[in-house]
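Small disclaimer: the values here were computed from a predicted structure and weren't measured. Computed over heavy atoms, backbone and side chain alike; hydrogens, waters and symmetry mates excluded. Chain letters run A, B, ... following the sequence lines, proteins first and then strands; every chain starts at 1.
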Protein chains: 2
Amino acid sequence: MTTLSQLPLPPEAGGAQALATTLAHAILSGQWESGEPFPRERDLCEHFSASRNRVRNALAELSGSGLIERTAGRGTVVRDIEDWHLLDPQMSDWMAGLEAPHPQLIREVFAFRLSAEPFISELAALAATAQDLARIEAALVGMCDSATDPARREEHAEHDVAFHDAIYRASHNLVWRQMGLLLRPSIVALIQHSHHQAGSLDDSLDRHRRVFEAIRLRDPEAARDATERVLARTAADLGVENGTRSLKRPTSLPL
Amino acid sequence: MTTLSQLPLPPEAGGAQALATTLAHAILSGQWESGEPFPRERDLCEHFSASRNRVRNALAELSGSGLIERTAGRGTVVRDIEDWHLLDPQMSDWMAGLEAPHPQLIREVFAFRLSAEPFISELAALAATAQDLARIEAALVGMCDSATDPARREEHAEHDVAFHDAIYRASHNLVWRQMGLLLRPSIVALIQHSHHQAGSLDDSLDRHRRVFEAIRLRDPEAARDATERVLARTAADLGVENGTRSLKRPTSLPL
DNA sequence: ACTATACGAAATGTCTGACATTTATCGCAA
DNA sequence: TTGCGATAAATGTCAGACATTTCGTATAGT
């Protein structure tokens, strides 16, 4: 869809970064096909009544995350989804702030989690320090605390993110740790789509607690199994086929 | 080391991106401790005889990769290594271009590869298309071709990177695929440190070939084992202890 | 009719100077 | 000693002009 700048983008009066967020959301929403020309600086300046400097800074951010490609004389084009820097923390923020998440991206991120996260829990079980355990437990308590009240769904999601992120951190490897930032978009997308019914929430909390217990007891196998069960439930909620190979256990998971 | 801008940085006459590279290399070399103040814009302008615009663009790139943090009125400080965006492709480029690689980062990246890459090969064995196989084989042929001549070490390293990256791509998951960009710094660091002796190179090529064969035959188990052997050899060369748990096989690897 | 060169439009990249905004610090008075 | 306001210093923003790259087109030559 060669949508002009006129149609999709309501004007905005924020800082320079806010503009980048607006543009990024537009791209992530699929407003432009890969390879299509992006509006020129002049038009963006006019449309948002922003200085060229702010527009350029915003475009530089998009370019830094691989969303667009700019070349002097040719203009700006939207890059293919395969070239997007999914692991850039800024991208995670943008994806998480999107109200209608990009379906393919959510699936890909979740497929990654499904395969990697059980193993990360193994690492965490081997390397977690007391501080790591405290962080995980705090998040767990927060999840339980905000579970009953349906009005605190957002808070619950934050604790959920914190729980999984704490596990990534407990792996004590800088690379895995960085990936914890991928969790937010994946989890908020889940929250928006699936309304937890009363019973399943207790179930979910129990599964999370078992992961924590396994890590606390330094039992890698148990931590992996427990994490697989947590994700299996989430996968079912999301409607993702769990045909993706989960590490080296192709046997069907006992749901 | 509160090194002033005077001492560490030779002047440069490139574009805006070149300046960012110079500054990034300085930070990655450990010229500034975490939390220390970074030179002010004015000083950088003077030192590099660059306009404030170029300096600001360069600093924006560093900020985007998490290397520095800028706040109006306070100044610019270098962030902790834990906050660096290791998965930003730009960071990989900067790390690869560094002549004296950051030892901790290399170890962390390699520890990640050691744990994740066998599993990625499993995925590749399950999902590789004919095009993927062609890419892997082409890289393998390039490695063999440039193996004998010691003057083409750099070219050999490029094919090595291409080989492993092609496997990441063959996983057909966008997240794993992005991680292939981490390979370059890891591999070039290896090349610089270890001079392959004649016999071990044949051995290395043979191990790589077995990975390719396993993927071609759609044998995930074999692909995993073969990849573990490739990495075990590299780990030995790098002097990294392979005590890190490689997936779910804590038994010592048969080297 | 086809090719090659030269010109010019359009877009991004860069420079310069000024002003706005945020932050920390210092001095001063209650 | 504490609280408050003025000042300085740093980054953020704006505006306008110019440089550079790229592509299309027109034109001249073969």
Sub-3.5 Å pairs of nitrogen or oxygen atoms, protein against nucleotides 15-17 of chain C:
from   : atom 1 : to    : atom 2 : distance (Å)
C/dC15 : OP1    : B/R54 : NH1    : 3.3
C/dC15 : OP2    : B/S51 : OG     : 2.7
C/dC15 : O5'    : B/S51 : OG     : 3.4
C/dC15 : N4     : B/N53 : ND2    : 3.2

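For A/E137, there are no salt bridge (Lys or Arg N to Asp or Glu O under 4.0 Å) partners two or more places apart in sequence or in a different chain. Residues satisfying the side-chain contact (heavy atoms from CB on, under 4.5 Å) criterion with B/A147, sequence neighbours excluded, are B/H156, B/L201, B/L205. For A/Q104, the side-chain contact (heavy atoms from CB on, under 4.5 Å) partners two or more places apart in sequence, or in a different chain, are A/I81, A/H102, A/R107, A/E108, B/L174. Checked against salt bridge (Lys or Arg N to Asp or Glu O under 4.0 Å), B/R42 has no partners two or more places apart in sequence or in another chain. With sequence neighbours excluded, the residues that form a side-chain contact (heavy atoms from CB on, under 4.5 Å) with B/A128 are B/D132, B/L133, B/A170, B/I215. With sequence neighbours left out, B/H164 forms a ring pair (Phe, Tyr, Trp, His ring centres under 6.0 Å) with B/H208. Checked against side-chain contact (heavy atoms from CB on, under 4.5 Å), A/A60 has no partners two or more places apart in sequence or in another chain.
For the pair A/R42 CZ and C/dA10 C1', the computed distance is 9 Å after rounding to whole Å.
The stretch residues 177-192 of chain A participates, sequence neighbours left out, in these salt bridge (Lys or Arg N to Asp or Glu O under 4.0 Å) pairs: A/E158-A/R184, A/R177-B/E82. The list of salt bridge (Lys or Arg N to Asp or Glu O under 4.0 Å) pairs with a residue in residues 86-97 of chain B, not counting sequence neighbours, is empty.
Looking at residues 56-73 of chain B, you'll see B/A72, B/G73 sit with a heavy atom under 4.0 Å from some atom of DNA chain C.
B/Y168 and B/E117 are linked by a side-chain donor-acceptor pair at a separation below 3.5 angstrom, with hydrogens and angles left out of the test.
Taking every nucleotide of DNA chain D with any atom under 4.0 Å from a non-hydrogen atom of chain A, the first and last of them, 5' to 3', are D/dT13 to D/dC23.
One finds no side-chain N or O of A/R74 lying less than 4.0 angstrom from the OP1 or OP2 phosphate oxygen of C/dA11.
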